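Shown next, in structure tokens, is the structure this report addresses.
Order of listing sets the numbers, starting from 1, for every ligand and every atom in it. Please read these numbers as outputs of a predicted model, since none were measured by experiment.
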Amino acid sequence: MKILGIETSCDETAAAVVEDGARILSNVVVSQIDIFAEYGGVIPEVAARSHLEVIMPVVKKALADAKCDWDDIDAIAVTHAPGLLGSLLIGTLTARTLAILHDKPLYAVHHLKSHVYANWLTGESPIFPLLALVVSGGHTQILYMRAHNQFEIVGTTHDDAVGECFDKVAKILGLPYPGGPAIARAALSGDANKYKLPHPKVEGLDFSFSGLKTAVLRAVQKELGLPISYPSHDLKNHLSRQQVADFAASFQKTAVGILCEKLALALEQYPDVQSVVIAGGVSANKALREALLEAYFPAPSLSGDNGAMVAVAAYYEIISGVKPTDPYSLNIYPRISIEK
Ligand code: KG4
Ligand code: ZN
């Protein structure tokens, strides 16, 4: 079964063809990072316009790279939630139109499901029951999965997502958007033990990352001997390269430590768990990979947003008996939970 997966929930326009939920026949990702690096973050209206410009060429290239024409495609899958409203609209409108035009069954997939299912493209299938640590720009959650397509949220962030925290700390340090890769790069020449940053005190398996961002801000102000009223956007102009590297390394170590601590607690609470999978953009982080050697990680190229993971998630929905959605009425849900 060949599925065309389409993903446009944030700032990547992506399409891929995956066979039987396992073999990637093509995987095309057009990133808008270059546009948003200039602004220091995503501007939703600009993202939607960029999706609109490239979505059809991206879909056509995905088909061409896979050496497929429409007759070869068995189903279309698209991200319909959660994400930026305008971005989700472009992807779903494209998928709906193509499904009607080419008479294909259409599957609407939750973005976090797709990130989790990127772990089924590693050549080895994780074993149930499992825990999924979702670490993206918009979400930080621990999910318990008893079987395919069954998701129970057992921990979630009370405020910022960990990826968002990487992005905000990068901004304080004067590192470019997206912050995650920039922090990881800067951290390579930094001392991770230079600055002591606190782990938040959050009950159970929940997270909180906004305090960590503020802790970095305060530590930078203290290091520079500047008052807390000093404009945070100007701090970067006073930091040396080494200070930036040391802050990046200390922050990364703390963020990774918090994730590992909660995952260890989750494993204590769910002793029947057979595997752990890590999902979402932050799963590209090398320090996190080195700290969790036993866990499944997607290939780094599939950690971020892509169409292949959407196709795999839809494949396992089909296997689980989910029926296709009506292309005439498919809606988008910018904020809906994976449990809905
Ligand atoms: O999953 P994703 O591509 O988009 C969302 O669904 O949100 O995740 C994007 C997030 C950004 O916050 C980005 O800074 C972070 O993933 N990220 C990383 C790394 N690569 C991307 N964070 C830490 N280390 C990385 N190497
Ligand atoms: Zn994502």
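Of all N, O or S atoms in H115, the one lying closest to the Zn ion (ligand 2) is NE2. Counting just the N/O/S atoms of D305, the one with the shortest distance to the Zn ion (ligand 2) is named OD1.
The closest side-chain donor-acceptor pair between H148 and Y315, if any, does not fall under 3.5 angstrom. The closest side-chain donor-acceptor pair between Y144 and D272 falls under 3.5 angstrom. In this structure, a donor-acceptor pair under 3.5 Å is absent between the side chains of S208 and H158. In summary, the side chains of D305 and H115 do present a donor paired with an acceptor at a separation below 3.5 Å, with no hydrogens or angles considered.
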message: Evaluate K168 against E164 for salt bridge (charged side-chain N to carboxylate O under 4.0 Å, His left out), listing each step before the verdict.
response: CA-CA 6 Å; K168 287 178 174 172; E164 185 180 359; 3.2 Å; yes
message: Before you tell me yes or no, could you show the steps for F251 and Y195 under ring-ring contact (aromatic ring centres under 6.0 Å, His included), namely the whole-Å CA-CA distance, both residues' side-chain angles and the distance that decides it to 0.1 Å?
response: CA-CA 8 Å; F251 160 72; Y195 303 104; over 10 Å; no
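Applying the 4.0 Å criterion to heavy atoms of G163 picks out, from ligand 1, the atoms 12 (O). The ligand atoms of ligand 1 that sit less than 4.0 angstrom from a heavy atom of H115 are 1 (O), 6 (O). Interface atoms of ligand 1 facing H111, defined by a heavy-atom separation under 4.0 Å, are 6 (O).
Ligand 1 has no N or O atom lying under 3.5 Å from any N or O atom of F166, backbone or side chain. Checked by distance only, ligand 1 and P178 stay at 3.5 Å or farther apart across all their nitrogen or oxygen atoms. Not a single N or O atom of E12, backbone or side chain, sits closer than 3.5 Å to an N or O atom of ligand 1.
Given atom 24 (N) of ligand 1, the protein heavy atom at minimum distance is N285 ND2, 3.0 Å. For atom 14 (O) of ligand 1, the nearest non-hydrogen atom of the protein is D167 OD1, 2.7 Å. Distance from atom 10 (C) of ligand 1 to its nearest protein heavy atom, with residue and atom name: G137 N, 3.5 Å. Protein heavy atom closest to atom 17 (N) of ligand 1, with residue, atom name and distance, is G281 O, 3.6 Å. The shortest contact between atom 15 (C) of ligand 1 and any protein heavy atom is with V282 CG2, 3.9 Å. Looking only at heavy atoms of the protein, atom 22 (N) of ligand 1 is closest to G180 CA, 3.2 Å.
At a cut-off of 2.8 Å, C10 is not counted among the residues with an N, O or S atom near the Zn ion (ligand 2).
Side chains of S114 and E7 form no contact here, defined as non-hydrogen atoms less than 4.5 Å apart.
Considering I55, L89, V30, V54 in turn, I55 is the only one that fulfils the side-chain contact (heavy atoms from CB on, under 4.5 Å) rule with T8.
Using a 4.0 Å heavy-atom cutoff, G138 is listed among the residues neighbouring ligand 1.
Remark: K171 NZ is loosely packed, at most 12 non-hydrogen atoms of other residues, nucleotides or ligands lying under 6.0 Å away.
With hydrogens and angles disregarded, no donor-acceptor distance shorter than 3.5 Å links the side chain of D20 to the backbone of R23.
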